[in-house]
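Naming convention: chains lettered A, B, ... in sequence-line order (proteins, then strands); numbering from 1 in each chain. Note that the structure is a prediction, hence the values are computed from the model and not measured.
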Amino acid sequence: MKGKKKLINPIIEVLLTIALLAVMVIGLSRLVENKSGYKKYNEFYKYNDEYEVLFFGSSHMMNAVLPMELWKKYGIKSYNIGNGAETIPVTYHVIRNALDYSEPKIIVMDLFYAYSDRLPTEISKELPHPFFDMVPLSKNKKEAIYDLFDDEQDRWSYLFDFSIYHSRWNELTKEDFYYADDGLGGASILLTSYAPKAADQDLQEPHDMASKPKAYLKKIKELCDERGIRLICVMNPYALWQESMTCNINFEKEMSELGIEFIDLRDSGIVDIYADSADNMHINLCGERKVNDFYGEYLTETGLLSTSPSVTEDKWNERYAVYIQRKADALSACEDCESLLTDLNDPDFVFDITLRSEAKLTDTMKRMLDNAEAFENVSVITDDDADEDITIRIRDKDSDRYFIERSYEP
Amino acid sequence: MVFNSLAFIMFFPIVVLVYYVLPCRIRYIWLLMASYFFYMQWNAIYGLLLLYSTATAYAGGRMLDRLGASKSRKLCLGICMVLSFAPLIYFKYTGFILTNINNAFISAGYFGLFNVPDILLPIGISFFTFQAAGYVIDVYRGTVESERNFLRFALFVSFFPQLVAGPIERTKNLLSQLDCNVRFDFIKARDGLWLMLWGYVMKVVIADRIAIFVDFVYDDYTSYGGAYMIIASMLFAMQIYCDFAGYSTIAIGASQILGIRLMDNFSSPYLSESVTEFWRRWHISLTSWFKDYLYIPLGGNRKGKIREYINKILVFTISGLWHGAEWSFAVWGGVNGLWLVLEDLLKPIGNRMAGIVRFNGSAVSNKIVRGIFAFILVDFTWIFFRAKTMSDAVAIINNIAHTSNWNILFDGSLYECGLDAKNFHLLMLMIAVLLFADLLSKKGIAIRKVFAGQNLWFRSLITAFAIAFILLFGIWGGTYNAEAFIYFRF
């Protein structure tokens, strides 16, 4: 009896230690983990069986499509998985892992990094983290990490992300304890403006895609074909596209060789780059909404999507209410009028603008206001007795109370 | 393979598991294989060096035994020593010797004679060379018999827990335990694990965190003088302690799990009340090696005071050069020897004065003052140890003396030297915990024993908490490159 106890007690002690350690490490991992992945992708996993369209690619996709507004206006249930500096090999693995959890009918992916043969690690070792941190360990995740990263340390940081996040203990904030989904359907909204100069670079002869992106694009095509998913590749608009390395790729030729449907929106006139640019490489919220409308119509025309109301309509309405609140929060955080004007075409808000006829506005602001004539939710009143050159008041479309009032004095 | 690497964390449990599954008579072969595997992870070729060192000492020991009382024993010992130390001298001191010959010629108006080769120092060579040489001397002196079993002797030289950074074990203590005829003892193994965890706390939570601050300040000492340098030097004293004692503690703990007891290497050194006491508590295995195999053969304290003082300074200077082939290391050792001499010289005067003014030397306040004074003396010498060259050390001391910027203690500037405020505060807290643990240890209270007496759930909680604490607050992972333990360079 005594001998048995002598054997059992150590076993219990070891097992209890392992169990306690597991609880502590899992708890600490969750606590110190960078929450950007949760904020961006949590809603993808929460409602993964509902999405019919998934958007993939770099920041050019992340800042081009607003899934919540696609649903509100077109009834399309989609999610924007695009992520900053995401090269095409990374996108392939992101798609592969995302398809473990979702069965979309259409995949739309951006080709901005088609020019680059660089390893994802040469562009950024960290940026793929938010997506892969959220993917539970699986064969596909492991294959992705071993394919994308050569360095053991990097691989380890993806397989066991506590190895890099544990040093965040000194950066913890309230948000690490009570994090919330960002409510944007994976998209990012840019409330900044940028005044591009006209491109002065002569275009060179079209050239071929880099070999690595091409090979991975082929794999993406095969993956989509296997699953019966329609693949659409796109180039989204941005201000200095003629000066970027992607501009000389003959996409029409390349895509037709690969048998991939392709849309080039860069020179399509959908956005006004002088009013709708957030910076030289991305469009702002106003531009996003214009691109969004294009996709809404294009995707609807495919006839593949079930746009009629579903049983989850209430849940989507709740999500949309959160989305409106996030937009309102983002607008409230803007300190200048020019930033507020980047959301002029927002269907959820009413913009009442008072302007002095001799107001000294920037060229970008003038252009934004000129464009605003087409927006039903914007009213511009000229009042020379106004105290400031321009005053912008914003209210919810169903409310009389302004939640933002900003003035501009040059 | 370093102790704070994933490779070791996977390697060690496998070694332990197989070790206890195997029959006792072949366990040492398994440990030998594991030890060579461990060592050859750095560079497989170095395995040959380890084998050479082993073969030389083994053959020397056997030869000395066969020669019995013959007169040629001394010659045999001499040849053995030359052969044993030749690789160490080649790898570690070739550059140093040639550079100094070149400098001597250049300063005499000639040109440098030699191209100084850039020779990479094999990890742990100073440690296993000394351990093997100690064995040969023990056999020569007749304190131990030569080992007949080559493989068992090879394990004595290469036993992985203490192979690359000590403790430098004595033949009597270690070789006799390498029969590996032990049964798995859960309580001893748990105690060994707790020792290892404490070693990891010292290494990855304290030493590696201090390293960030110290490197930041020392690498740009022209910009960070005065109080910055004083604080960095004080922290370096803690860094080298935690780094080296941390390694030794992990080694002792790992060895204990295998049922093999290694000697203590550190015993609360910064609670010493004199430099002499400090050296009885610091790197005990090396200090006692030098005492037994160099200081006593030189005459020790048996040939008069002057000879004793010369011996002390000489031995400490050589000990300094053992740590690194740079004059700054020699000065570090020499100055420590000088402190010992001065303490010995001033002790009678101090005692007489204390008697005159009826000073209570055993009062706690007096012990604290003596401890602080001893720390200042030791810490001063660490500047020579940490500086890259002798001229850097002089410039740093000059910088400390001529810069007054104590405001940095209050204006937050300290938090801009690689460690933010939270990390710095955590560091201070951990140093306080370390010194408290050392104080308890000095008083003969082992915290591990207290934990061992608690209930099962509490012991489990403590073990899990310690591991989680190291994982959370340790400097590891990500861009962190498992920094080699400082003592690997020596």
Side-chain angles (χ1 to χ4, degrees), chain A residues 2-34 121 124-129 132-133 145 149-173 176-177, chain B residues 4-7 9-10 13 16-17 20 183-191 193-194 197 204-205 208-209 212 415 418-427 429 451-452 454-482:
Chain A
K2 208 176 174 185
K4 255 188 183 174
K5 203 180 167 191
K6 234 181 171 179
L7 189 69
I8 289 170
N9 276 358
I11 293 171
I12 294 173
E13 189 168 340
V14 170
L15 293 178
L16 183 61
T17 305
I18 292 169
L20 286 169
L21 181 63
V23 170
M24 287 180 194
V25 171
I26 290 167
L28 287 172
S29 298
R30 291 295 292 265
L31 179 63
V32 296
E33 197 165 45
N34 185 338
T121 44
S124 167
K125 280 197 284 196
E126 286 77 26
L127 282 169
H129 261 293
F132 285 108
D133 289 349
I145 288 160
F149 302 100
D150 292 332
D151 182 64
E152 275 303 319
Q153 194 89 41
D154 292 332
R155 288 173 175 172
W156 185 239
S157 80
Y158 276 85
L159 291 171
F160 182 53
D161 58 23
F162 185 60
S163 68
I164 52 163
Y165 293 138
H166 72 99
S167 57
R168 282 194 70 244
W169 65 268
N170 59 340
E171 302 171 3
L172 295 180
T173 62
D176 287 293
F177 294 87
Chain B
N4 56 334
S5 65
L6 180 66
I9 290 169
M10 282 154 52
V16 174
L17 201 69
Y20 281 111
R183 290 186 63 170
F184 179 73
D185 182 331
F186 178 76
I187 293 171
K188 277 190 183 164
R190 187 184 60 206
D191 194 58
L193 175 67
W194 284 348
L197 293 177
V204 298
V205 179
D208 288 347
R209 184 165 268 106
I212 297 168
Y415 308 141
L419 291 180
D420 62 13
K422 285 178 188 165
N423 267 295
F424 203 88
H425 295 155
L426 174 72
L427 182 59
L429 176 71
F451 288 157
Q454 303 302 310
N455 287 324
L456 183 149
W457 68 267
F458 185 82
R459 293 194 302 265
S460 291
L461 188 67
I462 284 293
T463 311
F465 176 79
I467 298 171
F469 183 87
I470 293 163
L471 289 175
L472 185 65
F473 294 113
I475 306 291
W476 65 280
T479 52
Y480 171 66
N481 180 8

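Taking both residues in full, the closest heavy atoms of L456(B) and N9(A) are given as CD1-O, 3.6 Å, listed atom of the first, atom of the second, then distance. Residues W457(B) and L16(A) approach most closely at CA-CD2, 3.8 Å, considering heavy atoms. Among all heavy-atom pairs drawn from V14(A) and F186(B), the shortest one is CG2-CE1, 3.7 Å.
For the ring pair (Phe, Tyr, Trp, His ring centres under 6.0 Å) with H166(A), the qualifying choice from F473(B), F469(B), W476(B) is W476(B), the only one to do so.
Remark: F465(B) CZ is loosely packed, at most 12 non-hydrogen atoms of other residues, nucleotides or ligands lying under 6.0 Å away.
Neither the backbone nor the side chain of I187(B) comes within contact range of chain A, judged by heavy atoms closer than 4.5 Å. Contacts between N423(B) and chain A at a heavy-atom distance below 4.5 Å involve backbone atoms as well as side-chain atoms. Residue contact with chain A, scored on non-hydrogen atoms closer than 4.5 Å, is absent for I462(B).
In this structure, NE2 on H425(B) lies 12.0 Å from CG on N170(A), to the nearest 0.5 angstrom.
Between the side chain of T17(A) and the backbone N or O of A464(B), no donor-acceptor pair lies under 3.5 Å.
Among V23(A), V32(A), I12(A), L20(A), the residue making the largest number of heavy-atom pairs under 4.5 Å with chain B is L20(A). Comparing L21(A), I18(A), D161(A), D151(A) by how many heavy-atom pairs each has under 4.5 Å with chain B, the most go to L21(A). Note on L461(B), L471(B), D420(B): by heavy-atom pairs under 4.5 Å with chain A, the leading option is L471(B).
Evaluation of the ring pair (Phe, Tyr, Trp, His ring centres under 6.0 Å) rule for Y165(A) yields H129(A) as partners, not counting sequence neighbours.
Among residues 24-31 of chain A, the residues having any heavy atom closer than 4.5 Å to a heavy atom of chain B are, in sequence order, M24(A), V25(A), L28(A).
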